[in-house]
Amino acid sequence: MFKGRYWLSNHLKPVCLALLIILLIGFNFILSNALHLKIYRAGHQLVKQVYELQLNAPLDQKTLAVLVKSNGFTLSAEPSSGHFKNLVKPELKVFSYKTLNLGLYHPPVWIMESYLFILLNLIVLGAASSLYRWGNAVNLKQLKQLNSQPKELKLPSDTCDRVDIVKTVKSDELGSLYAAAEQYHSLFILVSWDCEFDKNTDLETSFKVLILKSVPEIKKIAVKVINPEQLTITLYNVPIAELDRYTERLYKIIFNVCQSHQKNTTRKHVKLGACNFRLGADQSKVLQIAKAALTLSQNSMLLHRHRLALSKSQEVLFCNEQVINNIKKNKFMLSFQPVFDLISGDIIQHEALIRVRHDMHGLLAAQYFINQVESKNDALILDKAVLSQILTLVMAEKSPLSVSINMHPNNWLNEEFWSWLSTQMDRLNLSCQLQFEMSEAFFCNNKDALANTLNIIKKHRSNIIIDNVKTSENIPLLIHCEEVIGLKLSYDLVHLVNEKSHNQKCIKNIVNAGKMLNLPVYAVGVETQKELIMLTQLGVAGAQGFYFSEPLQELTQAVFH
């Protein structure tokens, strides 16, 4: 047996050698591309600098030559030494910036960064050599064990199964603890439904078998029925990039089961809340956040599933009293996230974001404390403080760009708040610089009650952006609302839109419906270039998110970004 394995290993050596050569070529090719990109960026930056300095090439030749040489380029092809002049030839690249085109020479990249190529190849060859020696040592050890073993030991089949299970579980735990700690999370899910099952049905077993069949790639799953109307599911070692996808898949599985038992079940009858967490997290906090996510789903007519992540910031929540005290003491700051036009690249507007200072954990975003502000009076204090600071900044920085503001839902129908804001806007004589963001669900549920508020906004020539738009169904309701000048997509539609055909279809329908009313559509939370390209193809007018810029602390920086 060992001789056959040894023969096979000998014949695999040429294959391994070929793989090593391919690996070396691949790594060198990737490194070469990266270095060429670095040179391109340096050259582009240099040409931009020359353009901004307004250097005249014929008149300022010396200055230009010095500047070019300090960045590793030359204006002419400098000859190499006699022995290598045919091998090492300078490369010419033309860099452009606006109306300026400049041809620059530089040595071949493998000469400029030769030490990197040498280091990379030494590392790969050293790793291959170590792996080869380790393989030989393992083969030798197995040969000694085989020679010293008197006979083959056979285990009963059930014992083998138990050994395999133990190995798998330990492997999963170690994978989570070490290499997969940042790339994999566990996913805890709470599901509630409003439908009746047959009393003789073993719900826990039925759901577990169905889920195991539907997601066979997840090796470790726990399912538990809490009561006839609630279920918990735990998936271990889920790739972070796939958390939303698995949440959606599990929701569809549960919904299909409910619908098969009760035909009139609709999606609003099945609600799901999820929390993703790392190994070793406090289980009570995981349960608390999953319940919060489930509550968000249950309180929404349109959102049937919701996922929240357990992180260090989310473990720390302000109580209502702490939030208001910090607001009163001005322990908060505003930052501004620019919204970019996807055609011209210009900044269209800015969204104001509030950060409240915590004594131990620094500045926390609104999502970590806004739910603690519940009373009408506290919401009034919060938005008055924020609006006062924004109005001061808008008056100080004279700019044609608008500032978009999210307000506490309690204040949209608060006459005291709008009376105060109307007085402030009259006093400052503001015009068209303030935009107010209102969620689509809130607008649809309170359209008639908002009549007075909309009149005040119209009187002061301010505008409204409808936020968190998920479908095109309610857009026709905006036909007589002249104050509404744009739509912002829900983050759930934007996230990984390049991979989700359903989301692409929804966004296309929203864009088409918006065009009928001359309402541009904006995307929020754009994080990758693939998302941006897809959104542009779907006709989205503008976008904001960390792909473009982090929120900026100064409005002046945001305006002239």
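Numbers for residues simply follow the sequence, beginning at 1.
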Enquirer: Between CD1 of I211 and CD1 of I189, what distance do you get to the nearest 0.5 Å?
Expert: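 Separation between the atoms: 8.0 Å.
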Enquirer: Taking E531 for the side chain and E527 for the main chain, is one N or O donor matched with an acceptor at less than 3.5 Å?
Expert: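 Checked: pair present.
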Enquirer: Does the D383 side chain pair with the main chain of H408, one donor and one acceptor, at a distance under 3.5 Å?
Expert: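 Between the backbone of H408 and the side chain of D383 there is a qualifying donor-acceptor contact (under 3.5 Å).
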Enquirer: Got a sec: does the CD of E473 have more than 12 other heavy atoms crowding it under 6.0 Å?
Expert: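 Open.
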Enquirer: Do the non-hydrogen side-chain atoms of L353 and F336 ever get within less than 4.5 Å of each other?
Expert: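 No, their side chains stay 4.5 Å or more apart.
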Enquirer: In this structure, are over 12 heavy atoms from other groups packed under 6.0 Å from N518 atom CG?
Expert: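 No, CG of N518 has 12 or fewer neighbouring heavy atoms, counting only those of other groups under 6.0 Å.
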Enquirer: Answer with yes or no whether the side chains of S402 and H350 bring together a donor and an acceptor at under 3.5 Å.
Expert: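 No, no side-chain donor-acceptor pair sits under 3.5 Å.
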Enquirer: Does R245 come within less than 4.0 Å of E242, counting only side-chain N to carboxylate O?
Expert: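 Yes, charged N to carboxylate O under 4.0 Å.
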Enquirer: Would you please say whether a donor-acceptor pair under 3.5 Å links the side chains of E437 and S404?
Expert: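 Looking only at side-chain atoms, S404 and E437 do form a donor-acceptor pair, the distance falling under 3.5 Å.
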Enquirer: Quick one: do the Q424 and D426 side chains pair a donor with an acceptor below 3.5 Å?
Expert: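 There is no such pair between these side chains.
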Enquirer: Run the numbers on K458 and E482 for salt bridge (Lys or Arg N to Asp or Glu O under 4.0 Å), then give the verdict.
Expert: CA-CA 8 Å; K458 184 176 181 179; E482 299 176 2; 3.6 Å; yes
Enquirer: Please give me the minimum heavy-atom distance between I390 and A352, naming the atom from each residue.
Expert: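 Looking at all heavy atoms of both residues, the shortest contact is CD1-CB, 3.7 Å.
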Enquirer: Are K208 and E204 close enough, and set up right, to give a salt bridge (Lys or Arg N to Asp or Glu O under 4.0 Å), and what steps lead you there?
Expert: CA-CA 6 Å; K208 188 168 186 176; E204 190 166 308; over 6 Å; no
Enquirer: Looking only at heavy atoms, what is the nearest atom pair of G514 and L487, with distance?
Expert: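 Taking every non-hydrogen atom into account, CA-CD1, 4.3 Å.
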Enquirer: Do S419 side-chain atoms and E415 backbone N/O form a donor-acceptor pair below 3.5 Å?
Expert: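 Looks like no, no N/O pair under 3.5 Å.
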Enquirer: Any chance you could measure L538, atom CG, to L493, atom CG, to the nearest 0.5 Å?
Expert: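 Reported to 0.5 Å precision, the distance equals 10.5 Å.
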Enquirer: Between CG of N474 and SG of C444, what distance do you get to the nearest 0.5 Å?
Expert: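 Between N474 CG and C444 SG, I get 3.5 Å after rounding to 0.5 Å.
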Enquirer: From Y522 OH over to F340 CZ, what is the distance, rounded to the nearest 0.5 angstrom?
Expert: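 Here the rounded value is 13.5 Å.
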Enquirer: Using a 4.5 Å cut-off on heavy atoms from C-beta on, say whether the side chain of Y246 contacts that of V215.
Expert: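 V215 reaches Y246 side chain to side chain.
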Enquirer: Under 3.5 Å, is there a donor-acceptor pair between the side chain of D341 and the main chain of S344?
Expert: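 Yes, D341 side chain to S344 backbone: donor-acceptor pair under 3.5 Å.
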Enquirer: Does a donor on one side chain sit under 3.5 Å from an acceptor on the other, for D378 and S375?
Expert: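 Yes - a donor-acceptor pair under 3.5 Å links their side chains.
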Enquirer: Which atom pair, heavy atoms only, marks the closest approach of I218 to Y236?
Expert: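 Minimum heavy-atom contact is CG2-O, 3.7 Å.
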Enquirer: When the aromatic ring centroids of W418 and F436 are compared, is their separation below 6.0 Å?
Expert: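 Yes - the distance between ring centres of W418 and F436 falls below the 6.0 Å cut-off.
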Enquirer: Would you say the side-chain atoms of Q298 and S192 include a donor-acceptor pair closer than 3.5 Å?
Expert: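 Looking only at side-chain atoms, S192 and Q298 do form a donor-acceptor pair, the distance falling under 3.5 Å.
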Enquirer: Are side-chain heavy atoms of K488 and E351 found at a separation under 4.5 Å?
Expert: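 The answer is yes, as the side chains (C-beta and beyond) meet within the 4.5 Å cut-off.
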Enquirer: List the steps, then state whether salt bridge (Lys or Arg N to Asp or Glu O under 4.0 Å) holds for K376 with E416.
Expert: CA-CA 10 Å; K376 183 177 180 180; E416 181 182 353; over 6 Å; no
Enquirer: Indicate yes or no for a side-chain donor-acceptor contact from Q259 to the backbone of N264 under 3.5 Å, with no hydrogens or angles considered.
Expert: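 No, because the side chain of Q259 does not come within donor-acceptor range (under 3.5 Å) of the backbone of N264.
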Enquirer: Nearest 0.5 Å, please: how far is CH2 in W412 from CE in M407?
Expert: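 Answer for the CE-CH2 pair, M407 versus W412, is 4.0 Å.
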Enquirer: Taking all atoms of both residues into account, what is the closest heavy-atom pair of I381 and I327, and its distance?
Expert: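 Looking at all heavy atoms of both residues, the closest pair is O-CG2, 4.1 Å.
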Enquirer: Quick check: are there more than 12 heavy atoms from other residues, nucleotides or ligands sitting under 6.0 Å from CD of E217?
Expert: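 Enclosed: over 12 neighbouring heavy atoms sit under 6.0 Å from CD of E217.
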Enquirer: CD1 of I466 to CE of M438: how many Å apart, nearest 0.5 Å?
Expert: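 Here the interatomic distance stands at 5.5 Å.
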Enquirer: Check the orientation of Y491 and H495. Use parallel for under 30°, tilted for 30 to 60°, and perpendicular for over 60°.
Expert: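 Ring orientation, 0 to 90° scale: parallel.
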Enquirer: Just to verify, which of H269, K268, K271, R267 counts as forming a side-chain hydrogen bond (donor to acceptor under 3.5 Å, both in side chains) with H304?
Expert: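 Looking at H269, K268, K271, R267, the match for H304 under the side-chain hydrogen bond (donor to acceptor under 3.5 Å, both in side chains) is K271.
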Enquirer: Restricting to non-hydrogen atoms, name the atom on L342 and the atom on V540 that form the minimum distance, rounded to 0.1 Å.
Expert: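 Result for this residue pair: CD1-O, 3.4 Å.
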Enquirer: With a 4.0 Å cut-off, would you call R307 and D244 a salt bridge?
Expert: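 A salt bridge is present here (some side-chain N lies under 4.0 Å from a carboxylate O).
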